[in-house]
Amino acid sequence: AEDGIRDYKVTGVQTCALPIWLSFDSLSTLSDKAAKALGQHRGDLSLNRLTRLSAAAANALGQHAGYLSLWGLTKLSGTTARALAKHKGGLSFGHLSMLSDQAAKALAEHKGSLSFEGLTTLSDEAAKTLAQHEGGVHIWNPAAISDEVAKTFRDNPRIFLPEKSW
């Protein structure tokens with residue numbers, strides 16, 4: 001019952017035990033202290049306007065359990081990726097246009113699903129590393145990868161890659 005929501009008028013009766021989706025999409029910055037508090041949340045979390053994370057904030061969010069949407073991030077260092085890889089749940093990056101080999105290697109260790117909606121550049125090495133990821137991988141822009149890697153991805157049932165449109 002302590003994980004659920006209680007109606008303030010009814011004492012001791014659980015009205016909902018579902019994880020709560022928290023959306024802070026208007027936040028463009030996140031203090032380390034706020035990240036630490038959000039890292040304790042058990043449920044889905046949307047921080048889609050953040051364009052960067054400090055190392056401490058990434059470490060704190062790595063403790064979060066639930067879906068984590070970080071669509072605003074435009075860069076992801078290997079250090080930040082390693083911290084976020086500890087996260088328990090799906091990770092979604094919408095405006096991340098490039099993923100370094102180092103960041104791909106770190107995220108390949110993540111236990112949940114990975115979604116990359118905005119990738120336009122992905123090296124063959126980074127793509128091959130992501131192909132080893134045990135969770136689902138969604139790469140929404142097939143132009144970001146070579147035809148050779150696309151074939152490797154399509155042979156892996158855990159990876160979603162739409163067909164190229166040309």
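A quick note: this is a predicted structure, and the numbers were derived from the prediction, not measured.
In this structure, R49 contributes its side chain and L27 its backbone to no donor-acceptor pair below 3.5 Å. R158 places no side-chain N or O within donor-acceptor distance of the main-chain N or O of V137, the cut-off being under 3.5 Å. With hydrogens and angles ignored, the 3.5 Å screen pairs no side-chain donor or acceptor of T80 with any backbone N or O of L76. Using a distance-only test at 3.5 Å, with no hydrogens or angles considered, a donor-acceptor pair links the side chain of D25 to the main chain of N48. For the pair H87 (side chain) and G66 (backbone), a donor-acceptor distance under 3.5 Å is present. R154 places a side-chain N or O within donor-acceptor distance of the main-chain N or O of P162, the cut-off being under 3.5 Å. With hydrogens and angles disregarded, a donor-acceptor distance shorter than 3.5 Å links the side chain of H64 to the backbone of G43.
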Evaluation steps, side chain to side chain contact (heavy atoms under 4.5 Å, CB included), between L30 and L38: CA-CA 10 Å; L30 183 66; L38 290 172; 3.9 Å; yes

CA sep, side-chain torsions, deciding dist, call: L119, L99, side chain to side chain contact (heavy atoms under 4.5 Å, CB included): CA-CA 7 Å; L119 278 181; L99 190 64; 4.0 Å; yes

Trace of the salt bridge (Lys or Arg N to Asp or Glu O under 4.0 Å) decision for D147 with K151: CA-CA 6 Å; D147 290 338; K151 183 184 178 332; over 6 Å; no

S115 vs F93, side chain to side chain contact (heavy atoms under 4.5 Å, CB included): CA-CA, chis, key distance, verdict: CA-CA 6 Å; S115 183; F93 304 96; over 6 Å; no

Verdict with reasoning, H41 to I20, per side chain to side chain contact (heavy atoms under 4.5 Å, CB included): CA-CA 9 Å; H41 174 63; I20 299 171; 4.2 Å; yes

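Atoms OG and CG, on S77 and L53 in that order, are 9.5 Å from each other to the nearest 0.5 Å. From N141, atom CG reaches atom OG of S97 across 10.5 Å, with rounding to the nearest 0.5 Å. The distance from the CG atom of L122 to the CG atom of D101 is 8.0 Å, given to the nearest 0.5 Å. Rounded to the nearest 0.5 Å, atoms CG (L161) and CD1 (I145) are 4.5 Å apart. To the nearest 0.5 angstrom, L47 atom CG is 6.5 Å from L61 atom CG. How far CG of L91 is from NZ of K111: 13.0 Å, rounded to the nearest 0.5 Å.
When every heavy atom of D124 is checked against every heavy atom of S146, the shortest pair comes out as OD1-OG, 2.9 Å. Shown here for A127 and V149, the closest heavy-atom pair between the two residues is CB-CG1, 3.0 Å. The shortest heavy-atom contact between A103 and S100 is N-OG, 3.0 Å. Pairing each heavy atom of A58 with each of L84, the nearest pair is O-CD2, 4.0 Å.
Residues W21 and S46 meet the side-chain proximity criterion, which asks for heavy atoms closer than 4.5 Å. Between H110 and R82, the closest side-chain pair of non-hydrogen atoms is not below 4.5 Å. With a 4.5 Å cut-off on side-chain heavy atoms, L114 and H138 do not count as touching. Using a 4.5 Å heavy-atom threshold, the side chains of R52 and K75 count as separate.
If you check the side chains of S92 and W71, you find a donor sitting under 3.5 Å from an acceptor.
Residue E117 places its CD atom among more than 12 non-hydrogen atoms of other residues, nucleotides or ligands, all under 6.0 Å distant. Under a cut-off of 6.0 angstrom, the local environment of NZ in K88 is crowded, with over 12 non-hydrogen atoms contributed by other residues, nucleotides or ligands.
No continuous path of hydrophobic side-chain contacts links F153 to M98 [ILVMFWY only; heavy atoms under 4.5 Å].
Grouped with F160 in one hydrophobic cluster are W140, the linkage being side-chain heavy-atom contacts under 4.5 Å among Ile, Leu, Val, Met, Phe, Trp and Tyr residues.
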